[in-house]
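In what follows, a structure is listed as structure tokens, so that the remarks can point back to it.
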Amino acid sequence: MDAVRISRVNKTFGQDVVALNNVDLNVPEGELFFLLGASGCGKTTLLRMIAGLEKPDSGKIYFGERNVTQVPTHKREATMMFQSYALWPHMTVGENVAFGLEERGIDGDELVDRTLEALKGVQLEGYEDRRIDQLSGGQQQRVALARALVVRPKCLLLDEPLSNLDAQLRMEMRGEIRRIVKEYGLTAVYVTHDQEEALSVADKIAVMNNGRIEQVGTPEEVYRWPRTKHVASFMGETNMMKGKVDWIVRDNEEGYVVRAISNAGEILQGVVTDKSWKPQVGEMVVASMRPEMVKFDDSGDVINQVSGKVLQRVYQGATIQYLLKSVDGIYLQVSVMNPRKLKEPGEQVSITARQQDVVILKP
Ligand code: ADP
Ligand code: MG
């Protein structure tokens with residue numbers, strides 16, 4: 001069952017700032033679900049709406065079967081952990097965590113037991129009497145998590161929870177948040193602008209752009225099978241080449257595959273990922289190939305073969321990043337795992353990609 005369902009939600013701020021544009025979204029129970037997108041695309045607005053801190057102009061929000069669109073925050077079974085943590089610096093860790101329980105009229109032994117249990121859950125046992133300002137950033141982050149968990153929400157809402165931490169701690173806490181969410185059997189909606197964070201932690205990702213949801217899928221689906229140019233480039237580096245369709249290679253249950261010809265005459269052949277679109281002969285398309293799916297090749301393979309010159313090489317040990325310029329003047333990136341022999345700047349090369357690794361998108 002879906003824990004949270006958003007149906008045709010719209011929100012405009014002021015006269016013309018469209019924060020959410022006809023958003024539909026289903027968050028299945030028990031999933032760690034990500035809202036991913038650039039700053040300003042509407043992530044926080046959508047999260048605040050699930051929390052009940054913001055009202056839609058139109059549309060509905062359901063928790064399970066229950067329409068909660070008009071239900072106030074404290075009567076929804078969702079708690080939000082804010083980007084700033086919003087902890088009280090002069091109070092102890094225990095007092096901060098217990099606050100949510102007091103608000104709900106819980107006191108005595110139950111209050112103490114549940115507070116200690118929540119602290120244990122985030123590995124802060126024994127910290128209950130410390131003051132917030134005596135803690136490191138990472139520990140404060142754990143307190144904020146404990147405070148959200150202590151009320152035993154069905155749904156945990158996290159708004160860029162790691163953005164105040166340094167890189168090392170961020171990596172550590174990614175795994176920690178996932179562990180906690182799974183251990184407590186929670187449904188969590190997690191907002192971030194960091195695609196790497198989303199790819200490494202999420203069960204599912206909704207990629208947002210300009211108040212809309214462009215694609216929902218597993219990390220592999222949105223990375224490997226992006227359905228729009230925006231999703232393709234937002235999820236990671238990619239090479240895009242334009243071409244005009246000259247042949248429908250396949251049109252059956254296994255997919256829609258087309259061949260297109262670039263300006264320079266290169267043959268671009270790949271899979272159309274947007275199921276609602278069947279580009280026809282003569283139509284312009286874009287072929288997207290990730291740098292690590294491209295190989296140097298001089299076998300004379302004609303499909304997805306592009307010739308060019310090495311402009312730059314960045315040695316990174318495990319991988320080598322090359323920047324090429326194609327005959328047609330297009331810049332291309334190639335990422336190679338630990339090769340035996342390096343290509344030199346100035347060298348003429350050819351690259352290819354397999355049909356099944358090339359995604360054909362609307363231009
Ligand atoms: P994100 O979290 O993805 O960065 P937000 O949901 O915060 O995006 O904002 C989406 C858009 O709505 C932005 O253009 C932002 O400036 C605008 N916005 C958000 N909250 C308000 C508000 N309270 N008043 C006016 N505009 C707002
Ligand atoms: Mg935000």
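All residue numbers in this chain count up from 1 along the given sequence. Counting convention: from 1, in listed order, for ligands and their atoms alike.
- Nearest protein heavy-atom neighbour of atom 27 (C) of ligand 1: Phe13 CD1, 3.2 Å.
- The residue from Gly211, Ala38, Gly40, Gly42 that puts a heavy atom closest to atom 13 (C) of ligand 1 is Gly40.
- At a distance under 4.0 Å, a protein heavy atom can be found next to atom 25 (C) of ligand 1.
- Proximity of atom 16 (O) of ligand 1 to the protein is not indicated, since no non-hydrogen protein atom lies closer than 4.0 angstrom.
- One finds a salt bridge joining Asp133 and Arg131 here, because a Lys/Arg side-chain nitrogen approaches an Asp/Glu carboxylate oxygen to under 4.0 Å.
- The two atoms that bring Pro28 and Lys204 nearest to each other are CG-NZ, 4.0 Å, heavy atoms only.
- Under 4.0 Å from ligand 1, the heavy atoms of Val17 that appear belong solely to its side chain.
- Looking at heavy atoms from C-beta onward, Lys244 lies out of side-chain contact with Asn263 at the 4.5 angstrom threshold.
- Atoms of ligand 1 found under 4.0 Å from any heavy atom of Thr44, numbered from 1 in the order shown, are 1 (P), 2 (O), 6 (O), 7 (O).
- Not a single N, O or S atom of Ser39, from either the backbone or the side chain, sits less than 2.8 Å from the Mg ion (ligand 2).
- For Arg250, the CZ atom counts as densely surrounded, since its 6.0 Å shell holds more than 12 non-hydrogen atoms of other residues, nucleotides or ligands.
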Begin from the C-alpha positions of Arg354 and Asp357 and carry the test salt bridge (Lys or Arg N to Asp or Glu O under 4.0 Å) through to its verdict.
CA-CA 5 Å; Arg354 298 185 311 170; Asp357 296 328; 3.2 Å; yes
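- Checking only distances, Cys41 does come within under 3.5 Å of ligand 1, N or O to N or O.
- Here the protein heavy atom with the shortest distance to atom 5 (P) of ligand 1 is Thr45 OG1, 3.6 Å.
- Taking the six-membered ring wherever Trp is involved, the centroid distance between the rings of Trp277 and Tyr256 does not fall below 6.0 Å.
- Salt-bridge annotation for Asp246 and Arg259: present, with a side-chain N of the basic residue lying under 4.0 Å from a carboxylate O of the acidic one.
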